[in-house]
Each structure stands twice: as C-alpha cells, then as structure tokens.
Novice: 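My questions will all concern the structure given below.
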Number of protein chains: 2
Amino acid sequence: MSASSVRDVALRAGVSVGTVSNVLNHPEKVSPAAVERVQRAIDELGFIRNDAARQLRNGRSRTIGMVVLDVRNPFFTDLARGAEDEAAGSGLTVTLGNSDENPQREATYLDLFEQQRVYGVVISAYADITERLTRLKQRGIPAVLVDRSSPDGPFSSVAVDDLAGGRLAVEHLMSLGRRRLAFVGGPMGIRQVADRLEGARAAVASHPDVSLEVIEIDALSVLAGRAAGADIVGRSPDERPDAIFAANDLVSMGLLQAFAMQGAGVSVPGQIALIGYDDIDFASAAVVPLSSIRQPSALIGKTAVEILLAEVENPDAPPHHVVFQPELVIRASTRG
Amino acid sequence: MSASSVRDVALRAGVSVGTVSNVLNHPEKVSPAAVERVQRAIDELGFIRNDAARQLRNGRSRTIGMVVLDVRNPFFTDLARGAEDEAAGSGLTVTLGNSDENPQREATYLDLFEQQRVYGVVISAYADITERLTRLKQRGIPAVLVDRSSPDGPFSSVAVDDLAGGRLAVEHLMSLGRRRLAFVGGPMGIRQVADRLEGARAAVASHPDVSLEVIEIDALSVLAGRAAGADIVGRSPDERPDAIFAANDLVSMGLLQAFAMQGAGVSVPGQIALIGYDDIDFASAAVVPLSSIRQPSALIGKTAVEILLAEVENPDAPPHHVVFQPELVIRASTRG
DNA sequence: TGGCGATGTTGAATCGATTCAAAGAAGAAC
DNA sequence: GTTCTTCTTTGAATCGATTCAACATCGCCA
C-alpha cells in the first residue's frame, strides 16, 4: 500500500541509503555484488523513485516547460514532437501548455513553470514576456524562443525567416500575374504575423502596379479565416483580391471553406489564388490542395531543446540565434 | 539570484514559517495584519513557492497525467483541452503524453507519472495496462480510461458507444443503396477500432445482400489511409467497394487523398461513398467534405477529470462508467 | 610488519513547504 | 484577580532522495 523509499530498500538489501542512491545514480561506484542485492530489493518492493524528493534536492526538475500559441495547430504539435524526442534523449520530459494567444494563459503557464522549477522553457511567445523570462533566468531557468527571430534579444531563439517567407509567398503570387493581393492574418501583435506581412510588403514594394490589401483577423484559426472569407465573398467581384496570402494554413483553410461553400462559388485558383503558411499535413488534403510556405517544424523544436541543454550546462554563454529558411510548396491553389 | 524560501519570507515579515505557510494555504486562520505583512514580504522578495517541496510533503502532485494515442489527431487535442479546462478549475494542471499507439511509449509515460506521483491518470489506452493501473491505484493514484467503454473493468471510464457509432455509419451507407462495403482501420488491438468494426458487422448482419470487406491498416493516420486508398485505386473498378467506413477521420482523409489524386479518378461519393469517425474540424474542409460520426471530445475529457477528482476524494467508491452516444454528421462524401 | 593507495560503504545533513501540538495573547465572565 | 474561551502564532518534525566527508577494507610493496 504505502510506497517504499530508499530507506526500505536499503534495509531489505542490508546496505545503507547512500549505497542505494549510488546504485541508482552512479552504479559504477558500487561493487557488483551490492548492485545485485539492491536491484533485487528494488524489484521485490516495487520501489519507484519519488521525483519530488529528487527535485527538491537537485533544485531543478527533469521537465522542460513548453508554451505554444495553439495546440490545435499541427505546426505546433509537430514542433512539440521534435522537442519531446530530443528531450527524451537526455532523460527529460516536455510539458506542453497552450496559451491560445491569450497573454493571461501565457503568464499563468510561466508562473506554473517557475513554481515547478522546470529545467528550461521553450516558448512561442505571444505577449512581451521579456521581464518574466529575465526573472526565470535569474532563477537559473533558461528560455528559448521559438518560431520568432529576435537576433538582438537577450534570449536564444530558433526561428524561420518569416520575412523571407512572406516574400516567397507574395513573389510567387505575383509570378502568376496577380496584381490585387491581400494578406489575411492577425493579431498583428504576433511577431510572426507582422514579419510575414512585412516580407510581403517588401516584395510588393518593387512592383508599383501591385496592391496589397491587409485584412486583419483576431486569431489564426480556421474559424477566423472562414469569417474573413465570407466577407470577401460578400464583396462585388471586382472588389475582391485576385490572390491571397494567409498568415497560416488554418486561416487559408478557413478562407477556402468560405470560397467553396455552396452559393459562394469563388473559384480557387481561378478567381482567387491562395497560399498559406506552415505546410501542415492537412493543407494537401483540402478541397483544393493548398500551396504553402513550409517550415521545418520538428527540427525547430529539436534545435530549441539542444540550445536549452547547452544553456543549462553553460548559463553565461551569449544567446544563440538560429534561423531556418522557409520553402515554397506549390499546389493546386496557386496553379494554372 | 538564489531563490528565496518561506524562511526568508518569515524573517523579512517578522513572523514564523508556520504563519507564512498559513497565509499561503489557510489565510482565514491568520490575522489581517499578519497577512498584510507577509504579502508584502513575498512581493518584495519575489518569492515563488517550490512545488517539489510541496509535493514531497503532500505526497501527491498537482498535475494530472494524460496519455493519448496520437496528439496529432485533433480529436485528442480537443479531449485534452476539455480535461485541461476542467482541471484548471481545481488548480490542477495536465501533462500530455503521446503514446503514438506504441506500448513501449505508453508504459514509459505511466512509469514517469508514477515517479511524479501525479494526482491521477487519464488515459486512452492502447495495450492492456490493467496491471500497471492497478499498481498505480495501490499507490493512491486513480486512473480513468477515456475513449473506451469497459463497463466491467475495475477502472472508471468515459467513452462513446463505438458499437452504436459503427452501426450508425454503416446503416447510413446502406441507406444510400450501397452494398459492397469496406471497413478501413486498425490495428485491431485498439479497442475502439474493434468496436466500430463490430458495430458495422452487426448492422450488416441483417442485410444478406450486403458484404463488408475489412481492410486492416497498421495505424490510424492520414498516411496509412492514403496507402490503403492507393491499393483500392489499383484494383479493377468492379472489385472496389462502393462505400467505405473509415475507423477515423484521419484515415478517411488519407483515403480521400488517394482517390482524388491525379490519375486515380475515383469519384467520391459517386463511385465510393466515404464516412469517417470523430468529426474533426478538418473533415469539413476536405477535398470533398467528409461525413463522420461525431464524438463530444471536449466533454469526454471534462467528464474524465470530474470523475478523477471524485475518486481522489473517495478512493474506495466503485468505478464510474459514462457512455456518450455518437451522432451522424452527413456531408458531401455520402450525399447524392 | 607497517604503510600507502585504491576502492567501497556509511549515515548525518540537506533541500523547502507543511503540519500540528503546544504556547501565548486577548478578552469575557464571575 | 482569577479562570475560561477564543483566536493567533510558533517552531520542531516530517516527507524521500542525494551528497560528501569520514571511515573501512583490501591488496601490494618496501
């Protein structure tokens, strides 16, 4: 019934608690005979280490805290999976929190992780949390920002060049001969969104005959995309854009749903060419397979954890900044 | 730099550690003046409770461990979200683990949760883990099975009636006049898959003119669905089924991709009607919007946590078993 | 035989929050 | 002034794994 402790194991094996602990943590320091006896005692008693006690003593937990903007977005689950696999290699776990683009929730998770004295934090930030992260750092908890390039900031980051991504997307749309472009995304407070838009603007800047309308939405979700799409459908045909760059694939899927809806009858790519961002699995399975800007999601997560591990080893090293390049994936939604 | 403890707070506030602890946990037992002084000291020192120490003393953590078959399946993220929201109401957190339909990973997570002395476990089981769960229970850690009806088992469960779901799906396909049905799903070791198939078989049983072919796949993923779809496309047209019931929406999306692929040219629902299971958001955004069997995913998660909380209060109560009824959602893939 | 190094083992001290029996303070009642 | 209540506060003991200085043992060589 009651859990057994190292003391019970020691008693049973006829050794001291120190030896039991050594068997668990530094078996090379213990004689084979003792290891054997302790192992048997552990098995017989069904002893399981108490993590809380280990943590208390060690001062830090074996868990990495991760916060993402939206767990329902496959991009982030892929990211988390990459992080988890890398962490597992060092015997660490990942706790995944979902901020839902809500500063309140984001802060709550960071507080929680601080209470838990997590090993480190990997976060796709929404609000400006420099202050909180600084406090964590003072406590000895390093943080790595993901999906956000902040080459000047005090914290390490792993990101994809969203400016380049935005440029890629819009240049592709222009290469199709489209001239009345629109960007659908938001909230603009999200750095990634702002960067993608900025990249788009830069690409358009050198083409005086091309216009770029910005349609701001309040979340990067299928629902928000669908609502924006319904608005566009409601316009007279000549006021609609002839190509849309959506801030991510969920939004572009929502747009597509609105366009394909009975009675809407906006053809993609005929009337409107459509490109998204992230290249999630579902993008290729949409009504019209969606073009997208691919990010190496799992690799981003993996890299973030690698950096985190390095920072725990060497807390005073200057921040690392890794930037991956995105890749254009062309499918039916921008073809023909 | 170094974190401050209750001792530091007590010193600064000029009270004893007991009083500080009482302010944190039972403020009603402390005089307003003392509460005020302690609060100020906490703020000034930036004191943050050490969870490991609390846990060690309390014997159990404030985290619920959850294991699902596939985090990339929106059904499970919805489930997790429902659980998380309910848990938050009681000041609890949820750690989400992903077994990937892998008994090894599943076991690893359960071990980890046992080490962590989690508050309770919510699991969508893959392998037979009765033994492990029993051990957890002896340790005082209750478990609730989700997405699996086991009315006779020793553990509480929250599920959807998959037999009924299978029946619903197949009856719908038959009502369209289809006669050469196929079930695509697997591995059969997954109870939910087996139940859905059994429901399908039961529905077919009373229709001697209807056949049900079983196409077993090795994972419930888009990829596995696509592979199965390619096989079907490779058959001569008169050997193909005229309706398919897929074990979940990911599989049906994979099938659909294969059918819609250039050169495949299998029309849905013209040549093959297609219905999935779970009714994930993406199902309605597919090439052909997919019919499905809807499960109240968030509600399942929420209910599981409710039961868990009750079991911690009252460990000796007999297991609870909740079964929700699924719902048929008809879309273009089985229309016309 | 004594001395030295190498190798293994010991167990008290430690991490930090919580608990609870005991002591203290303030007030009420006689 | 004394006794009883009631309300607060105190601080040592506790949870369980880990650490590390001190101790024991053994073999080896001078």
Novice: Taking only the side-chain nitrogens and oxygens of Ser21(B), find out if one of them lies under 4.0 Å from OP1 or OP2 of dA17(C).
Specialist: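 Answer is no, no contact under 4.0 Å.
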Novice: State whether Glu84(A) and Lys302(A) are salt-bridged, where the test is any N-O pair (Lys NZ or Arg NE/NH1/NH2 against Asp/Glu carboxylate O) under 4.0 Å.
Specialist: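 Looking at Lys302(A) together with Glu84(A), the answer is no, because their closest N to O distance does not fall below 4.0 Å.
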Novice: CG of Asn22(B) versus P of dA17(C): gap in Å, rounded?
Specialist: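 Going from Asn22(B) (CG) to dA17(C) (P), I get 14 Å.
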Novice: For Gln115(B) and dA17(D), what is the distance between atoms CD and C1' respectively, to the nearest whole Å?
Specialist: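 Gln115(B) atom CD is separated from dA17(D) atom C1' by 12 Å.
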Novice: For a quick test of reading the model: is some side-chain N or O of Ser5(B) closer than 4.0 Å to OP1 or OP2 of dG16(C)?
Specialist: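 For dG16(C), OP1/OP2 do not have a side-chain N/O of Ser5(B) under 4.0 Å.
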Novice: Using only heavy-atom distances, determine whether the side chains of Asn25(B) and Arg49(B) contain a donor-acceptor pair under 3.5 Å.
Specialist: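 Yes, side-chain donor-acceptor contact under 3.5 Å.
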Novice: Any side-chain N or O of Arg7(B) below 4.0 angstrom from OP1/OP2 of dG16(C)?
Specialist: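 Indeed not, no polar side-chain atom of Arg7(B) lies that close.
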Novice: Scan Ala34(B) against the nucleic acid and name what it touches under 4.0 Å (heavy atoms): base, sugar-phosphate only, or nothing.
Specialist: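 Contact class for Ala34(B): sugar-phosphate only.
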Novice: In whole Å, I'd like the distance from the CD atom of Glu28(A) to the C1' atom of dT9(C).
Specialist: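 Result: 15 Å.
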Novice: It should be established whether Arg49(A) places a side-chain nitrogen or oxygen under 4.0 Å from OP1 or OP2 of nucleotide dT18(D).
Specialist: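 Yes, such a contact exists.
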Novice: When you check the side-chain N and O atoms of Gln116(B) and Thr63(B), is any donor under 3.5 Å from an acceptor?
Specialist: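 No, no side-chain donor-acceptor pair sits under 3.5 Å.
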Novice: Show your reasoning for whether side-chain contact (heavy atoms from CB on, under 4.5 Å) applies to Ile129(B) and Ile123(B).
Specialist: CA-CA 10 Å; Ile129(B) 47 170; Ile123(B) 183 168; 3.4 Å; yes
Novice: Roughly, in whole Å, what's the span from CZ in Arg117(B) to C1' in dG16(D)?
Specialist: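 From Arg117(B) CZ to dG16(D) C1': 9 Å.
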Novice: For His320(B), is the NE2 atom crowded, meaning more than 12 foreign heavy atoms sit under 6.0 Å from it?
Specialist: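 Counting neighbours around NE2 of His320(B), 12 or fewer heavy atoms of other residues, nucleotides or ligands fall under 6.0 Å, so no.
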Novice: If you measure from the Lys or Arg side-chain nitrogens to the Asp or Glu carboxylate oxygens, is any gap between Arg81(B) and Asp85(B) under 4.0 Å?
Specialist: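 Salt bridge present between Arg81(B) and Asp85(B).
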Novice: Give the rounded distance in Å between these two atoms: CG of Leu56(B) and P of dA17(D).
Specialist: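 Nearest whole value for this atom pair: 9 Å.
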Novice: Between dA12(C), dG11(D), dT18(C), spot the one nearest the side chain of Val17(A), thanks.
Specialist: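 The closest nucleotide is dA12(C).
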Novice: For Thr19(B), report the nucleic acid contact type (base, sugar-phosphate, nothing); a contact means any heavy atom under 4.0 Å.
Specialist: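 Base contact.
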Novice: Where each residue is assigned the nucleotide of DNA chain D containing its nearest heavy atom, which of Ile48(A) and Pro32(B) is assigned the position nearer the 5′ end?
Specialist: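 Comparing both residues, the 5'-ward one is Pro32(B).
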Novice: Of the candidate nucleotides dT18(C), dT10(C), dT18(D), which contains the atom at the shortest distance from the side chain of Ser16(A)?
Specialist: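 Output: dT10(C).
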Novice: Measure CG/Asn25(B) against P/dC20(C) and give the value in whole Å, please.
Specialist: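 Computing the Asn25(B):CG to dC20(C):P distance gives 12 Å.
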Novice: So for Arg57(A) and dT14(C), does any side-chain atom that can act as donor or acceptor lie under 3.5 Å from a complementary atom in the base?
Specialist: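 Under the 3.5 Å cut-off, the side chain and the base do form a donor-acceptor pair.
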Novice: Using whole Å, report how far NE2 of His26(A) lies from C1' of dT9(C).
Specialist: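 Whole-Å distance recorded here is 14 Å.
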Novice: Are any of Asn50(A)'s side-chain N or O atoms less than 4.0 Å away from OP1 or OP2 of dA17(D)?
Specialist: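 For dA17(D), OP1/OP2 do not have a side-chain N/O of Asn50(A) under 4.0 Å.
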Novice: Given atom CG of Leu24(A) and atom C1' of dG16(D), what is their separation to the nearest angstrom?
Specialist: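 Between C1' of dG16(D) and CG of Leu24(A): 12 Å.
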Novice: When we call it a touch if two heavy atoms are under 4.0 Å apart, what does Val20(A) touch: a base, just sugar-phosphate, or nothing?
Specialist: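 Since no nucleic acid heavy atom lies under 4.0 Å of Val20(A), the category is nothing.
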Novice: What's Asp51(B) touching, base or sugar-phosphate or nothing? Going by heavy atoms closer than 4.0 Å.
Specialist: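 Nothing, no nucleic acid heavy atom in range.
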Novice: Measuring to OP1 and OP2 of dT9(C), would you say a side-chain N or O of Ser31(A) lies under 4.0 angstrom away?
Specialist: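 Indeed, a polar side-chain atom of Ser31(A) lies that close.
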